[in-house]
Number of protein chains: 2
Amino acid sequence: MPLSPDFTDPRPGQVPLLLATAYRTMTDRFHARLAELGREPLRPAHGYTFRYVASNPDATTVDLAAHLGVTKQAASKAVTELADWGYVERRPHPTDKRAQVLALTRRGRDYLKLADRLWAEVEAGLAEVIGRERLAALDRDLRAYLDATHGDQAVPLRPVW
Amino acid sequence: MPLSPDFTDPRPGQVPLLLATAYRTMTDRFHARLAELGREPLRPAHGYTFRYVASNPDATTVDLAAHLGVTKQAASKAVTELADWGYVERRPHPTDKRAQVLALTRRGRDYLKLADRLWAEVEAGLAEVIGRERLAALDRDLRAYLDATHGDQAVPLRPVW
DNA sequence: CTCGAGTGGTCAACCAGATTGACTATATCG
DNA sequence: CGATATAGTCAATCTGGTTGACCACTCGAG
């Protein structure tokens, strides 16, 4: 049975599912590489947290929550977890006594660098199959779609199941 | 801030995330259409269940569980839920007294037809942005990738977060 | 300056969708 | 035939969330 039976039925409307399964495949390959390197298999939500904190030096827990599409309580829990593991730390907010600013530790920054490398590897795996030109076209097309559908608005990250 | 900050950093390895967010966007549009039509917003897992049962006339709960990537208990729960809602029914298995065969009800088949239509609509929305040729190319590329990475093996459907 | 409305983060209770464990009836195969 | 494996169900537990509440703090209109 090639692929899953979902794909053998030649009906329109299958590209969404192809996007999902291709992404899932890439995620699995990413995690497989992490495991090979003996690194902790942090979840995608952690990865998003890392990258958000790295890109937003003044990010607070509530900012992170909005970014992840979860409640502030869930975000706070994730931050506590990552702080316990030594990847993230909380610092006093420069102007707001209620808030705390999130920052990656050295350990967190190193992990993010590694993740970047591995994602590029995984993407190169796709390029090996379809070619670099097609990869670039894919990149452009998907960006165009997201721009058309969201414009300046944030794109939800959290999957639904 | 165009898109999310994840995309403005010009580093390699972003196509996986583009796949994920494009799929998430399409899922949201699909669910928005369902809501517009006043239909129950069944979860993606339900959709996968419908399609699997429709494509596999002798499917049992354990088969479904393997397909969804969950335990037999979780699959049984989902089936019970869909049966309670009138979309699925359990029938005696022709040869195995322990097992039950799953089948879509008329109501379930109608829902699946509607879902097919709406997914085609959502996909057409992507085609509007990138053109039908590029959509076909995307389709071919992703299939090639899944074939290269999985061959005849089933592709996992359940997202990780 | 005051004060009402709103907000950041934490604690606690609760929830939904899963997993693990167990069990009984049934199936398989040497 | 009997040992092992399996389908489906029930129950307990887990995990990653949400909701509700609360207190200290912020903001802006009057």
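Reckoned from all heavy atoms, side chains included, excluding hydrogens, waters and symmetry mates. On a predicted model such as this, the values are computed, not experimentally measured, just so you know. To find a chain, count down the sequence lines: A is the first, B the second, and so on, and within it residues start at 1.
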Check: Among side-chain atoms of T25(B) and D28(B), is any donor-acceptor pair under 3.5 angstrom?
Finding: no
Note to self: Does anything in residues 73-92 of chain A come within less than 4.0 Å of DNA chain C? Heavy atoms only, and list the residues if so.
What the structure shows: Q73(A), S76(A), R90(A)
Return the value, rounded to whole Å, for the distance between atom [atom1] of [X] and atom [atom2] of [N].
{"X": "W161(B)", "N": "dG16(D)", "atom1": "CH2", "atom2": "P", "result": "13 Å"}
{"X": "K72(A)", "N": "dC25(D)", "atom1": "NZ", "atom2": "P", "result": "15 Å"}
{"X": "L68(A)", "N": "dT18(D)", "atom1": "CG", "atom2": "C1'", "result": "15 Å"}

May I ask you to verify if any side-chain N or O of [X] is less than 4.0 angstrom from the OP1 or OP2 atom of [N]?
{"X": "R43(B)", "N": "dA16(C)", "answer": "no"}
{"X": "R98(A)", "N": "dC27(D)", "answer": "no"}
{"X": "T71(A)", "N": "dT18(D)", "answer": "yes"}

Notebook entry, point to check: Can you tell me how far the NZ atom of K97(A) sits from the OG1 atom of T95(A), to the nearest 0.5 Å?
Noted result: 9.5 Å
Notebook entry, point to check: Does K97(A) or A45(A) map to a spot on DNA chain D nearer the 5' end, using the closest nucleotide for each?
Noted result: A45(A)
Next item on the list: Assign each of D96(A) and D96(B) to its nearest nucleotide of DNA chain D by heavy atoms, then name whichever residue's nucleotide is nearer the 5' end.
Entry: D96(B)
Checklist line | Residues R143(A) and D147(A) bridged, charged N to O under 4.0 Å | finding: no
Margin query: So that I can tick it off, tell me whether R107(A) and E40(A) are bridged by a salt bridge, with the cut-off set at under 4.0 angstrom between side-chain N and carboxylate O.
Written below: yes
Check: Under 3.5 Å, is there a donor-acceptor pair between the side chain of R11(B) and the main chain of A120(A)?
Finding: no
Notebook entry, point to check: Judged by atom type as modelled, is there a donor-acceptor pair below 3.5 Å linking the side chain of T61(A) to the main-chain atoms of S76(A)?
Noted result: no
Check: Given that R158(B) and T95(B) both sit by DNA chain C, which one's nearest nucleotide is further toward the 5' end?
Finding: R158(B)
